[in-house]
Amino acid sequence: MTSTKIYISEWQQALQKEINYLKKYGGNRFTIMNGRLVSNDVHYTYYFDTTSFLRVPIGATVRLEWGGMKSSGRVLSSEGKGLILELEKSFGDLVPEAVLLHDPWELLEHLIQRLDEMKKSKRKRLRIKNVMEPSMDARHPADKIKSNVHELILRSKYNPVTFVWGPPGTGKTYTLARTAANKYFQDKRVLILAHSNQAVDVLIGEAAAFIEQKNRFREGDVLRYGGQAAEGILFQNSITSKQLLEKQDPLLAADKERLWEERRMIKNDLSTSFSKRDSDELLEIETKLARVLEKIRQKETEFLNEAYIVGTTLAKAAMDSSVHEKEFDLVIVDEASMAYVPQAAFAASLGKRVIICGDFKQLPPIASGRDSLITKWLKEDIFHRAGVVDWVKDGELHPHLFLLKEQRRMHPDISAFTNKYIYHSLVGDHESVKTSRNQIVKQKPFPGRASLLLDTSFSGKHCMSEKTSQSRYNLWQLLLSFQLIHESYLGGATSIGYMSPYRAQASLMELLLNDLYKDEQSQADITAATVHKFQGSERDIMIFDSVDDAPQSRAGMLLTGKDSERLINVAITRTRGKFVHVASHHFIQNHVYRGKTLRQLADYQANHQQRVTTSDIGTWIQNQHPRLNWVHAKKLERIFTDIENARSSLIISLPQKTGLTREWEEKLLNRNKRVDLTILSRGTWEELQPSRSEEGSFPFPFVMIDNSILWLGLPLEGADQVLPPYVAARLNSRAISEYLLGQISLLEKI
């Protein structure tokens, strides 16, 4: 038994250590450009252009770095692609390019303050004790249970804390929303909290819809407080602060919209032609807007005081006294497995009863620091730290753990693996899920098959580490994955996800989609991201690219480390109807232990006839993209035509022990005289009369023409660990070509 004050003290230490780490090493870094000094009254005000829309809150503390100069400051304006900063130090009149650092450590500071308040309240300390050491017997009448919803209603009525284990697709939102609505029907006040805005939107939207369905909805009783509704979330009823304001005070709402539009237009003018007059006018508008927003905040507080069901994020609850100074009958914490333990405890302190819901088999919270207290309290979830998971490991369910046992998301051919290897047969499939996903399964690629391993074994040595971040990328698997997206889209899919454990690979796919598939993305939901970013969402078709392959000597820690089971679980369970795993089975068998989830997944797919090899490539690639073509690597007519048509540059990678045929040598020697030839090799190729040679070679061959056309798999003579059929890919993408050049520092030389 640990005293609650010791818990709180350790949490505060962990949070402070995380703050110190973030302040020292930074985290979110943004490049900003064309800085101009606007004013130097007391502080120094600068206007900057940004390359993308930055969502940094107004008033947020930031740091600016330019060369050896550094300064703290705060954000005065951050809407659109223009940024106004108030800095403590002068950087001169003009700043061509600088780095902006922003980390949400202010959120952690607010949480530390809340913990201080909890120390002083015996009632709040008792609630924390109940969460951290839920040793009391369950008091709800188990013999009266009629359904999942009824059981959760009973548990939350008779027990101070209820942990809900909600594996993917098991009706977590449905169950929580109806429980919240039931409490509302009893005139109870309910606070819905979650780590992300999206989770809050979905849960409170479901609760409002159910109340409306029962014809018991009263405007103002349900409030989505703070934040903006995520894209695709449309609330039928007036439950957001914005909707209620437009109805109850339309003039104030109109003032805000007018000032926002004026600000947008001035920022647009500033981005094309900077003027001192416009910048001064912008600062004046920001001042007016701040006054209007303060009036709106007061109205929102009134809405909050009158509401019975309130939904907001954990961060907002800790920051806003309108929330954390209130007492609720029930607090529901969704996504609790992604929240810091101190956040979950803080949430529990706000209500007489608490429901803590999540899936401890999915990814844990993310923290940056390496201190032992950070690891203990900020890198593991409340289910583990409260001892609930220990019971599961021993083959039992904790008395206060309620498991949702039936999944309705994934086709059974997909869930068969996770049900057995992740959830140890505690979770099964609802009878409807097979027929409900059949239409997706019938679609291309691989019609009639729901789970596939696209095996890239013996396709070459393409897995590299990015030179700056050391994050891994694999161009061969990238292009195969893009082809899967292309085949899926032409097959009728409108919900397609691509995920990778590595940020570099996910960013490369984003780059490729933006270059080759912009129009298609406007017509369908096609998203590329890391596995971490996909947690909490789902798609009809999911492509999981595990990246690792030769010449790497070991699998990455993301795929084999402590949390690898959770990462693989998230990757699989985002899928509704078709899951394609792009991986080298040969590499996994040779570099990943049998007990690791990645190895189990690849072996399971291979043993259940779910594997497709390179020899099948001609059967599933049925639609060549105009800018990505797949050809037999021994058919050289097209690449030789590209070489003949080169206008300025040829770059060729010739790995060690490469021997070129006479045909290749003649084609390179007879290139246009205006074309520079760069050879990347550790060998000497003076007979080809190169313009330059670079010693740093790649382990795979490629040819790049005019920094735009990239041939992978050629010259075939330079390929290692490749078995027939010999395949080459031709990609016409300046974006990907320049990325590859950047990895060998050739951009500035060519």
Side-chain angles (χ1 to χ4, degrees), residues 167-170 361-362 406-425 427-457 477 480-481 483-485 487-488 491-493 495-501 531 534 537-547 559 564-586 588-589 592 596-617 619-621:
T170 53
K361 291 285 189 176
Q362 295 190 57
E406 215 168 41
Q407 76 85 22
R408 301 176 186 227
R409 176 184 296 173
M410 295 167 280
H411 187 279
D413 288 354
I414 302 168
S415 62
F417 176 80
T418 54
N419 287 353
K420 179 180 179 181
Y421 287 90
I422 306 293
Y423 295 104
H424 307 293
S425 301
V427 177
D429 302 321
H430 188 267
E431 58 185 11
S432 66
V433 78
K434 185 171 185 178
T435 53
S436 68
R437 301 308 183 207
N438 271 346
Q439 194 56 43
I440 304 170
V441 176
K442 289 176 183 176
Q443 293 176 334
K444 296 179 180 178
F446 316 113
R449 305 175 79 175
S451 178
L452 259 295
L453 169 63
L454 185 60
D455 187 1
T456 61
S457 300
Q477 293 190 183
L480 282 173
S481 298
Q483 188 66 38
L484 288 169
I485 293 172
E487 298 288 342
S488 300
S495 171
I496 307 166
Y498 168 88
M499 66 170 76
S500 167
V531 178
F534 266 108
S537 62
E538 57 188 82
R539 298 292 187 279
D540 286 351
I541 296 175
M542 259 312 200
I543 299 159
F544 172 50
D545 179 355
S546 55
V547 178
L559 293 167
S564 58
E565 178 192 72
R566 294 158 85 160
L567 182 140
I568 303 298
N569 185 35
V570 170
I572 299 169
T573 56
R574 303 307 92 204
T575 319
R576 297 189 192 105
K578 196 181 291 282
F579 171 72
V580 184
H581 177 200
V582 182
S584 167
H585 192 206
H586 175 75
I588 291 171
Q589 284 185 312
V592 180
K596 290 295 181 180
T597 310
L598 180 67
R599 172 70 179 273
Q600 291 172 336
L601 172 62
D603 287 350
Y604 178 92
Q605 291 183 299
N607 294 335
H608 286 77
Q609 289 73 54
Q610 295 176 353
R611 184 165 68 111
V612 172
T613 66
T614 305
S615 61
D616 302 304
I617 195 168
T619 62
W620 69 267
I621 294 183

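This chain uses plain numbering: 1 for the first residue, then up along the sequence.
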| request: Mind running side-chain contact (heavy atoms from CB on, under 4.5 Å) on Val570 and Met499 for me, showing each step along the way? | output: CA-CA 10 Å; Val570 170; Met499 66 170 76; 5.6 Å; no
| task | Go through the steps to decide whether Phe446 and Leu484 satisfy the test side-chain contact (heavy atoms from CB on, under 4.5 Å), and finish with yes or no. | result | CA-CA 10 Å; Phe446 316 113; Leu484 288 169; 3.7 Å; yes
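Put simply, the side chain of Asn569 gets close to the backbone of Lys361: a donor and an acceptor are under 3.5 Å apart. Between the side chain of Asp603 and the backbone N or O of Gln600, no donor-acceptor pair lies under 3.5 Å. Side-chain atoms of Asp455 never come within 3.5 Å of backbone atoms of Arg611 as a donor-acceptor pair (strictly under, hydrogens ignored).
The side-chain contact (heavy atoms from CB on, under 4.5 Å) search around Ser436 returns Val433, not counting sequence neighbours. Under the side-chain hydrogen bond (donor to acceptor under 3.5 Å, both in side chains) criterion, Ser481 pairs with no residue, sequence neighbours left out. Among residues two or more places apart in sequence or in another chain, the side-chain contact (heavy atoms from CB on, under 4.5 Å) test is passed with Gln605 by Ser451, Leu453, Phe579, His581, Leu601, Gln610. Residues meeting the side-chain hydrogen bond (donor to acceptor under 3.5 Å, both in side chains) test with Ser564, sequence neighbours left out: none. Among residues two or more places apart in sequence or in another chain, the side-chain hydrogen bond (donor to acceptor under 3.5 Å, both in side chains) test is passed with Gln483 by Glu487, Trp630. By the ring-ring contact (aromatic ring centres under 6.0 Å, His included) test, His411 pairs with no residue at all, sequence neighbours left out. Scanning for ring-ring contact (aromatic ring centres under 6.0 Å, His included) contacts around Tyr498 gives an empty result, with sequence neighbours left out. Partners of Ser432 by side-chain hydrogen bond (donor to acceptor under 3.5 Å, both in side chains), not counting sequence neighbours, listed by chain and number: His430. With sequence neighbours left out, His586 forms a ring-ring contact (aromatic ring centres under 6.0 Å, His included) with Phe458. Applying the ring-ring contact (aromatic ring centres under 6.0 Å, His included) rule to His608 yields the partners Tyr604; only residues at least two apart in sequence or on another chain are considered.
Residue pairs meeting the salt bridge (charged side-chain N to carboxylate O under 4.0 Å, His left out) criterion with at least one partner in residues 437-449, sequence neighbours excluded, do not occur; the list is empty. Residue pairs meeting the salt bridge (charged side-chain N to carboxylate O under 4.0 Å, His left out) criterion with at least one partner in residues 571-580, sequence neighbours excluded, are Glu538-Arg576, Asp540-Arg576.
Taking both residues in full, the closest heavy atoms of Ser537 and Arg409 are given as O-NH1, 4.2 Å, listed atom of the first, atom of the second, then distance. Taking both residues in full, the closest heavy atoms of Gln477 and Ser584 are given as OE1-N, 3.8 Å, listed atom of the first, atom of the second, then distance. Scanning both residues, Ala602 and Ile588, for their nearest heavy atoms gives CB-CD1, 4.1 Å. The nearest pair of heavy atoms linking Met542 to Arg539 is CE-CG, 4.1 Å. Val582 and Ile543 get closest at one heavy-atom pair: CG2-CG2, 3.9 Å. When all heavy atoms of Ser546 and Pro501 are compared, the pair lying nearest together is CA-CD, 4.1 Å.
Looking at heavy atoms from C-beta onward, Ile568 lies out of side-chain contact with Ile422 at the 4.5 angstrom threshold. Using a 4.5 Å cut-off on side-chain heavy atoms (C-beta onward), Phe417 and Thr597 make contact.
Only one option out of Asp429, Thr575, Thr573 pairs with Ser415 in a side-chain hydrogen bond (donor to acceptor under 3.5 Å, both in side chains); it is Asp429.
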